[in-house]
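See below for the structure under consideration.
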There are 2 protein chains.
Amino acid sequence: MGRPRQFDEQDAVVRATELFWRRGYHATSVRDLGDELKLTPSSLYRTFTDKHTLFLRALDHYRATESAQAERLLAVDDRPVRDVLRDWMLWLVTCPPDGEPGRGCFVVNTATELGTADARISERTEAAFEVTRQALRSLLLKGRGQGELAADLDIDGAVELLFTTVLGLRVRERAGHGRAAMATAIDVAVRALG
Amino acid sequence: MGRPRQFDEQDAVVRATELFWRRGYHATSVRDLGDELKLTPSSLYRTFTDKHTLFLRALDHYRATESAQAERLLAVDDRPVRDVLRDWMLWLVTCPPDGEPGRGCFVVNTATELGTADARISERTEAAFEVTRQALRSLLLKGRGQGELAADLDIDGAVELLFTTVLGLRVRERAGHGRAAMATAIDVAVRALG
DNA sequence: CTAGTACGGGAACGATCGCTCCACAACTCG
DNA sequence: CGAGTTGTGGAGCGATCGTTCCCGTACTAG
C-alpha cells in the first residue's frame, strides 16, 4: 500500500549505469544521478539505500545486459568458430557506435578505478571476468571438438591470451584508439590460434 | 632571492605520483596530497599551481621513470629477443612486488578513469602508449633482422597484439589477478610470434 | 469517510571539496 | 642594518559532497 512510484525503477538503474559507466564512481555525484534519473534525493535514497548500493545495482545491470548480448553473439552455431570469435571481439570494441567518445567497458573501468579495495565491487568485477573466460573456453572447446582448431591446441593458454587481449581492447576503446588498429590486433590474435 | 624552500620539489612529485597512482585523480583530495607530501595548501598551490597541474606533473614523472626502466630492460643486447620481450612483460606485471594490492599502470588507470575528455591528459597517455608501441616495434625489427623471428613476420600486427596484451595485463594486475595466469598469457603471446 | 502507509519535493545537515588570503618567517642584496 | 622578495602556516572562503528530515501528497484498507 501507500503512494505508488512515479518512476520506473529499472529505467532509473539503466540511466544510473550509463552515468557511472561514462564518468566512473567518484566523478559521479548523487546530484548528477538525481538530475539524470529525474529523482529527488529522498526518492533515490529510499529506493537505492545509498550511492554505493546504486553503483552495485548498476554493475549488476551492466553484467546482465552485457552477458545477454555476448551470449547471443557467441551462440551462433552455423558459422566457423574463428569468425564467431572475431565478430564478438569486434563487437566488444564497437559497442557504442554513435558519435561521442568511447566508454570502454564498465567492468574494466571500475576495476582500474577502484582496484581491489572494495570487496563487494571487486567480487562483481571478478565474476564478470570469469564469465568472459568461461565463454572463451567453451567456444574454443567447441572449435577443437569440431576440428576447426588443432587437436593439440593449448586451451588454457589461448583463453588467457584472448581474455587479456579483450581487456586491452576495452582500454583502447576508452582511450579512443582507432577501430582499424584494434581490428588488426583482433585478426592477429585469432590467427594465433593456428 | 627570498626564503628558500623547506621541501624537495622532485620528492613531492614522486609522492604525489604514488598517491594519484593508487587512488586515481578524483579520489585523491588536495588535503590527502598535502598530508602525504608534507605540504601546506599554500606551498602546494604556490609550487604546483593547482591539483590538475600537479597531476600532469605526476603523469610526466611516471612516464619518465617508467620509460627509463623499460628502456634499460629492452636494451639488453646479448640475449634472445623473445626472452627480452618475455622478461619485460613479466616485469611490467610485477612492478610493485611487495605486499599491498597492485596499482596497475598509472597511465592505463588514468586513461580509463578520465577517457578522452581532458585533452592535456589524454595527449600524455597517448604519448606514453606510443612510446610502448615503438619500443615493441624496434625490438621486433631487431629480432627479425637477427633472424630470430621469421622474415615474413607481420610486424605491425604483432605490435598491435603485443601492445593490446600489455594493456590487458596491466588491468589484470590492478584487478589482483595471479601472476601465474598472466605469465601463461605472456608465454602464449611470445610463442605466437612463430 | 478515516487511518495508515509509502512516495515526492526540497530545504538543509555536517563534512569535505579545491582553493585563496594574509600575517609572519627566512632568505638576498645594497 | 633595512628594503625587497619568496616560502610557510593555517584560518577560512564559497561550493559541493553524501545524506537526512520533514511535510504535503497519493494511494490502500477497513
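Hydrogens, waters and symmetry mates are skipped; everything else that's a heavy atom, side chains included, is used. Keep in mind the model is a prediction, meaning the values are calculated, not measured. Below, chain A is the first sequence line, B the second, and so on; all start at residue 1.
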Compare side-chain N and O positions of [X] against OP1 and OP2 of [N] and report whether any pair is under 4.0 Å apart.
X: S43(A); N: dG8(C); value: yes
X: S42(B); N: dG9(D); value: no
X: R3(B); N: dA25(C); value: no

Need one value for [X]: base, sugar-phosphate or nothing, where a base atom within 4.0 Å counts as base even if backbone is also close, heavy atoms only.
X: F7(B); answer: sugar-phosphate
X: T49(A); answer: nothing
X: P41(B); answer: base
X: S29(A); answer: sugar-phosphate

Could you tell me how far apart [X] ([atom1]) and [N] ([atom2]) are, to the nearest whole angstrom?
X: L33(A); N: dT19(D); atom1: CG; atom2: C1'; value: 13 Å
X: Y45(B); N: dT20(C); atom1: OH; atom2: C1'; value: 9 Å
X: R31(B); N: dG18(C); atom1: CZ; atom2: P; value: 7 Å
X: L44(A); N: dC17(D); atom1: CG; atom2: P; value: 14 Å
X: R46(B); N: dC22(C); atom1: CZ; atom2: C1'; value: 11 Å
X: L39(B); N: dT8(D); atom1: CG; atom2: C1'; value: 10 Å
X: H26(B); N: dG18(C); atom1: NE2; atom2: P; value: 10 Å
X: K51(B); N: dT20(C); atom1: NZ; atom2: P; value: 14 Å

Between dG9(C), dT19(D), dG18(C), which one does the side chain of Q6(A) approach most closely?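 Selected nucleotide (nearest to the side chain): dG9(C).
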Partner of F55(A) by ring-ring contact (aromatic ring centres under 6.0 Å, His included), out of W21(A), Y25(A), Y62(A):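 That would be Y25(A); it is the only one of W21(A), Y25(A), Y62(A) passing the ring-ring contact (aromatic ring centres under 6.0 Å, His included) with F55(A).
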Any side-chain donor-acceptor pair under 3.5 Å between E126(A) and H177(B)?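 Yes, a side-chain donor-acceptor pair sits under 3.5 Å.
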Less than 4.0 angstrom from a charged side-chain N to a carboxylate O is my criterion; do [X] and [Y] meet it?
X: E18(B); Y: R15(B); answer: no
X: E9(B); Y: R57(B); answer: yes
X: D35(B); Y: R31(B); answer: no

Of G2(B) and D32(B), whose nearest nucleotide on DNA chain C comes first from the 5' end?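 This one resolves to D32(B).
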Let me know, please, whether P4(B) or P4(A) comes out on the 5' side of the other along DNA chain D by nearest nucleotide.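 Closer to the 5' end of DNA chain D: P4(B).
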